[in-house]
Every structure is written in C-alpha cells, then in structure tokens.
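Structure record follows, encoded as structure tokens.
Below, each value reflects all heavy atoms present in this structure, side chains not excepted, and no hydrogens, waters or symmetry copies.
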Amino acid sequence: MRNGSIPGTRGRVRPLTLHGAPLLHEPCREVTDFGPALEALVEDLFATMYAAQGVGLAANQVGESLRVFVYDCPDDEEVRHLGHVVNPRLVEADGVVIRGPEGCLSLPGLEAGTERYDHAVVEGFTVTGEPVTIHGTGFFARCLQHECDHLEGAVYADRVTGRRHRRLMRQLARAPWRR
C-alpha cells in the first residue's frame, strides 16, 4: 500500500467464501513473498470488506489460503483502528470474557452470542515486512480474535455452544445463500 493512499481504493471487490467451503476450515499458509501480489491482496481485502460493510476480513474469506487480514474497526470507546497484518500471531487474549453478538461476512445475516476476551494483542508484519504489534480492547479485541481464528481454519460458529449453537445451526441450514 502506498503511503497516503486510502485502503481499498485501488483494490477490486472479490466474491466472499461462504460457510461450508473447505477453505474456511483449514489453517492458512504463512506468507513468504512480500511483493506486489501481497499488496494487491491487501487492497482487495479492504475493497471487499468495505463493499460488504464489514469491520474485518481474512484472506481465506476471499479464496486465498494466506495468513493475512485487514480491519477497520472501532473499540468500545469508538476509537477507529485501521490496518492489516501479515502472518499474525495472537500473543495475548486475556482480561474479562464477554459474550457478545458476533457475525461474519462468511455467514451473512447471522450472528450469535460468542465469548471472547476483552483484550488481545496480535504480532505480525506489514505488507513491506515491517514488524507490527496491535493492541485491542473491547469490540476491537473481539475483531482481532475473530480474524486470527479465520486464519487457523475456525469461524465464530465453532465457538458457540449449547442452545445458542443449536439455534445458529438451524438458522444456518435455512440461510438463503446456502441454497
């Protein structure tokens, strides 16, 4: 991404990978090439996330099995967090566990109460290979944990238990995009 450019303005909107696709349930590969193709992927991720009105998007959600995600997400104090992470590692998830509504662009129109920690730290790299550490609290911490889960081959529905899980599975079976 060029300095000063608005994320996503040079990217193309890609089709979303929807729940049930094998790619969403497999761990993603490490990025080894920090070249123009990676920059283009990050731009496409931003463009796709904005088009779908999301707050985060992982590469496997657009058909790429690479450890990359983007975000444009507020925390609980409405502070905006905007960026991307290549080869992220969730190095801390702690604090208070909060069950809150969680949705996903790969499960459009659905959400369920999902337990997440209210603090998270992710370490990784930028598209140019510079190290980056991201600290998140509240809703932004939820977003960081959610996107890291995607890169491990998990979706939020995998974390939901009991009657919430049964209700979500019924809704999933009836979702119009599943047909």
Side-chain angles (χ1 to χ4, degrees), residues 1 7-8 11 13-19 21-31 34 38-76 79-95 97-108 110-127 130-160:
M1 292 175 26
V13 176
R14 295 192 188 188
L16 289 167
T17 303
L18 298 178
H19 185 272
L23 186 62
L24 289 178
H25 305 285
E26 301 166 357
C28 294
R29 297 184 322 269
E30 291 282 317
V31 171
F34 285 77
L38 178 61
E39 183 177 323
L41 173 59
V42 169
E43 285 291 332
D44 289 356
L45 286 169
F46 274 114
T48 305
M49 177 185 71
Y50 290 138
Q53 300 179 334
V55 296
L57 189 66
N60 60 348
Q61 292 182 271
V62 296
E64 298 285 344
S65 181
L66 290 171
R67 297 184 66 78
V68 181
F69 71 79
V70 300
Y71 56 88
D72 188 347
C73 183
D75 60 25
D76 287 355
V79 174
R80 180 184 185 196
H81 299 271
L82 172 66
H84 67 278
V85 190
V86 179
N87 295 334
R89 288 183 315 115
L90 182 64
V91 295
E92 286 182 42
D94 57 15
V97 174
I98 297 175
R99 181 183 298 131
E102 194 162 326
C104 179
L105 296 176
S106 291
L107 288 88
L110 304 178
E111 71 174 33
T114 308
E115 292 184 352
R116 299 280 188 183
Y117 287 102
D118 71 343
H119 174 256
V121 178
V122 172
E123 293 178 347
F125 300 91
T126 66
V127 293
E130 298 298 316
V132 64
T133 302
I134 301 148
H135 296 263
T137 59
F139 185 66
F140 183 47
R142 176 177 296 276
C143 176
L144 292 173
Q145 293 166 82
H146 178 108
E147 299 309 328
C148 283
D149 274 0
H150 271 302
L151 302 180
E152 296 301 327
V155 295
Y156 80 92
D158 299 332
R159 292 186 168 271
V160 179

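Atom CD of Gln53 has 12 or fewer neighbouring heavy atoms from other residues, nucleotides or ligands inside a 6.0 Å radius. The number of heavy-atom neighbours closer than 6.0 Å to OH of Tyr156, taken from other residues, nucleotides and ligands shown, is above 12.
Across every non-hydrogen atom of Gly124 and Val85, the tightest pair is CA-CG1, 3.8 Å. The nearest pair of heavy atoms linking Leu66 to Ala59 is O-CB, 3.3 Å. The nearest pair of heavy atoms linking Cys148 to Leu90 is SG-CB, 4.1 Å. For Ser65 against Cys28, the heavy-atom pair with the smallest separation is OG-CA, 3.5 Å. Across every non-hydrogen atom of Gly56 and Glu147, the tightest pair is C-OE2, 3.2 Å. Of all non-hydrogen atoms in Phe34 and Val127, the two that sit nearest each other are CD2-O, 3.5 Å.
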Practice task
Starting from the C-alpha separation in whole Å, work towards a yes-or-no answer on side chain to side chain contact (heavy atoms under 4.5 Å, CB included) for His25 and His19.
Solution key: CA-CA 9 Å; His25 305 285; His19 185 272; 3.9 Å; yes
Handout entry: Verdict with reasoning, Tyr50 to Val70, per side chain to side chain contact (heavy atoms under 4.5 Å, CB included)
Key = CA-CA 11 Å; Tyr50 290 138; Val70 300; over 6 Å; no
Handout entry: Steps toward side chain to side chain contact (heavy atoms under 4.5 Å, CB included) verdict (Asp72, Arg80)
Key = CA-CA 7 Å; Asp72 188 347; Arg80 180 184 185 196; 2.6 Å; yes
Exercise for the section: Take Glu152 and Arg67 through the salt bridge (charged side-chain N to carboxylate O under 4.0 Å, His left out) test and state the conclusion after the steps. Expected result: CA-CA 9 Å; Glu152 296 301 327; Arg67 297 184 66 78; 2.9 Å; yes
Practice task
Output, in order, the C-alpha distance, side-chain angles, deciding distance and verdict of side chain to side chain contact (heavy atoms under 4.5 Å, CB included) for Leu57 and Thr48.
Solution key: CA-CA 8 Å; Leu57 189 66; Thr48 305; 3.8 Å; yes
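Classification of the Phe140-Tyr71 ring pair by plane angle, with boundaries at 30° and 60°, yields tilted.
The structure places CD of Gln61 at 8.5 Å from CG of Leu45, a figure rounded to the nearest 0.5 Å. Atom CZ in Phe69 sits 10.5 Å away from atom CG in Asp149 (nearest 0.5 Å). Here the straight-line distance linking atom CG of Asn60 with atom CD of Glu26 works out to 9.0 Å at 0.5 Å rounding. Of the inter-residue distances, the one linking Asp76 atom CG with Phe139 atom CZ reads 8.5 Å to the nearest 0.5 angstrom. One finds the CG atom of Leu41 at 5.5 Å from the CD atom of Glu64 (value rounded to the nearest 0.5 Å). For the atom pair OG of Ser106 and NE2 of His150, the computed distance is 5.0 Å after rounding to the nearest 0.5 Å.
Applying the salt bridge (Lys or Arg N to Asp or Glu O under 4.0 Å) criterion to Arg29, with sequence neighbours excluded, gives no partner residue. A search for side-chain contact (heavy atoms from CB on, under 4.5 Å) contacts involving Thr17 returns Ala21, Leu24, not counting sequence neighbours.
Applying the side chain to side chain donor-acceptor pair (under 3.5 Å) test to residues at least two apart or on different chains, the pairs with a partner in residues 130-143 are Glu102-Arg142.
The shortest distance between side-chain heavy atoms of His84 and Thr126 falls below 4.5 Å.
Glu92 places no side-chain N or O within donor-acceptor distance of the main-chain N or O of His119, the cut-off being under 3.5 Å. Between the Asn87 side chain and the Val31 main chain, a donor and an acceptor come within less than 3.5 Å of each other.
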